[in-house]
Amino acid sequence: MPAIEFIVVGAGIAGLRAALELSDAGHGGILLLTKGELADSATRFAQGGIAVAVGEDDSVALHEQDTLIAGDGLSRPEAARILTEEGPAAVAALFRWGAAFDRTAGALDLAREGAHSRSRVLHAHGDSTGREIADTLLRQAAARANIQIQPLLRVSSLLWDTAAGRVSGIECRHASTGEVVRSQARAVLLATGGLGQVYRDTTNPAVATGDGPALAGRAGAVLADMEFVQFHPTALAAPGAPRFLLSEALRGEGAILLNPAGERFMPAYDFRAELAPRDIVARAIVAEIRRSAAGPDAACFLDATALGAQELEGRFPRIVATLRQFGWDLGRQPVPVRPAAHYMMGGVWTDLNGRTSLPGLFAAGEAACTGVHGANRLASNSLLEGLVFGARAARAMAAESAAAPTHGEAIAPTGGVLPRPELQRRMAETAAVIRDGISLRAWLQELAAAPEPASAAGNLEDRNLTLVATAIVRAALAREESRGAHFRSDFPRPDPALAGCHSFQRLGHPVTFSAAWDQHGSLPV
Ligand code: SIN
């Protein structure tokens, strides 16, 4: 194994794709680490699929247009263009590496999902697309001599080289032995995934604790668009069951939504009915629950019975089997659903090549914010994002950095921490699908008063969650309008003055808004 030159934090789709790109370009040693087991990434749980314009009736321009419309006017057009234009080649690489997507009579089976104007979602094993992609990429990574895969290493801080003015490596703690390890590198990529664990109800795995934005934020990096958290409309809402995702592809195949009284309601909210963008469907479900007399634990229902039990079994085997474990028969009865935190549109600010505002530090995938998703991500665009922007970040890492630095001080994790159950409950109450200024302001004061923990070692993830919760609430309070996934009941309409404006923040400084993606440079350091 050659000496480590690059560090990739996170073994989901963006991290794996970046590591493979660095490896293929013949660059020295690549350390690919993950804090859990390799099977823990959100990528592996992805059901619906990967959106890409490969259908005969489809085009890059249509995919781009759908991405921009779902983003509610806030997606960066350059990023949406890159995502959709580079998408087909990115997926072709998956085919070359052996990924097998579902076919009908030899032709790729393209599914439809919300806010897509064409059927363009590739899927595998029916509803286990993420598993197929993760296994394919991991097989490739394991076969490369210059990639060292290291599970169970949790990054506690970035290393900062003051003389060079750059991030120069990482400090980690081994999850089981507690051993502290330092590693220096020419460039560090944060591909740590999402932060769904900041909310009580989430479709994300337990590892989704916002580690990338927290590490970068603590080091002084700019975070962008942190107010935009996507809630997936249909997570299982059965007592005693986890918030298991019921893929949007079910609605794509014809499943409908019923309110607590058993009535269909989506056509009254949007002409696209159940296939409206996610933010619209999630808000409609919350509104129907609130207006029902069934109490706060009420749910709406996803009714897929018209699709036929046998067809459902064939197309959605994992969903059918999982629901059965919890006593629900998708083919024969409507299943209770409520929105759950699913995807962070915001994150560590990056340019189109994964560069953050700190030299030496890169980010890709859900941890990053390229602006591609704007105020609301189009369904099944996130796996594609990981492939396209993971590879781009790797190329920029290799091009930018010359020699591995030899210095670096760990950036100490400062800031308060709240107990996770309290944090999750308060985030669910104040910063979820519907928000208002009075509640956000009061909650921000509580967050600011969070006590410093007695020891740094034990509660790193809770610290990270408290930091990203604070960033979400600050941005949500500052954006006095409603747009995409950010809905303020006290400002229920978009503010024309904020059209196209992204939010930028650096820890300890006010949130600023600008339509120019690079304007974060004016933030105080
Ligand atoms: C789903 O299958 O509904 C989730 C896919 C996504 O989040 O894009």
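One is the number of the first residue; the rest follow in order along the sequence. Both ligands and their constituent atoms are indexed starting at 1 by order of listing.
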State if R251 counts as touching ligand 1 under the rule of any non-hydrogen atom under 4.0 Å.
no

Say whether E113, considering both its backbone and side-chain N or O atoms, lies within less than 3.5 Å of an N or O atom on ligand 1.
no

Between E274 and Y269, does any side-chain donor sit less than 3.5 Å from a side-chain acceptor?
no

Purely on distance, is any nitrogen or oxygen of S380 under 3.5 Å from one on ligand 1?
yes

Quick check: are there more than 12 heavy atoms from other residues, nucleotides or ligands sitting under 6.0 Å from CZ of R81?
no

Looking only at side-chain N and O atoms, does Q230 offer a donor or acceptor that is under 3.5 Å from a partner on D279?
no

For atom 6 (C) of ligand 1, tell me which residue out of Q47, R278, H123 has the closest non-hydrogen atom.
R278

Hey, which of R120, E113, R118 is the one that makes side chain to side chain donor-acceptor pair (under 3.5 Å) with H116?
R120

Contact check, H232 vs ligand 1, heavy-atom distance below 4.0 Å:
yes

Using distance alone, decide if ligand 1 has a nitrogen or oxygen within less than 3.5 Å of any nitrogen or oxygen in A249.
no

Can you report which non-hydrogen protein atom sits closest to atom 2 (O) of ligand 1, along with the distance?
S247 OG, 2.7 Å

Taking 4.0 angstrom as the limit, do R315 and D127 come out as a salt bridge?
no

Out of all atoms in ligand 1, which are within 4.0 Å of some heavy atom of A379? Include the element for each.
8 (O)

Which of the numbered atoms in ligand 1 are below 4.0 angstrom from a heavy atom of E248?
1 (C), 2 (O), 3 (O)

What I want to find out is whether R243 reaches D201 closely enough, with some N-O distance under 4.0 Å, to be called a salt bridge.
yes

Taking heavy atoms and a distance under 4.0 Å, where does Q230 meet ligand 1: side chain, backbone, both or neither?
neither

Quick one: nearest non-hydrogen protein atom to atom 7 (O) of ligand 1, plus distance?
H342 NE2, 2.6 Å

Would one find more than 12 heavy atoms of other residues, nucleotides or ligands at under 6.0 Å from atom CZ of R103?
yes

Atoms of ligand 1, numbered as shown, that sit under 4.0 Å from any heavy atom of R377:
6 (C), 7 (O), 8 (O)

When you check the side-chain N and O atoms of T34 and D40, is any donor under 3.5 Å from an acceptor?
no

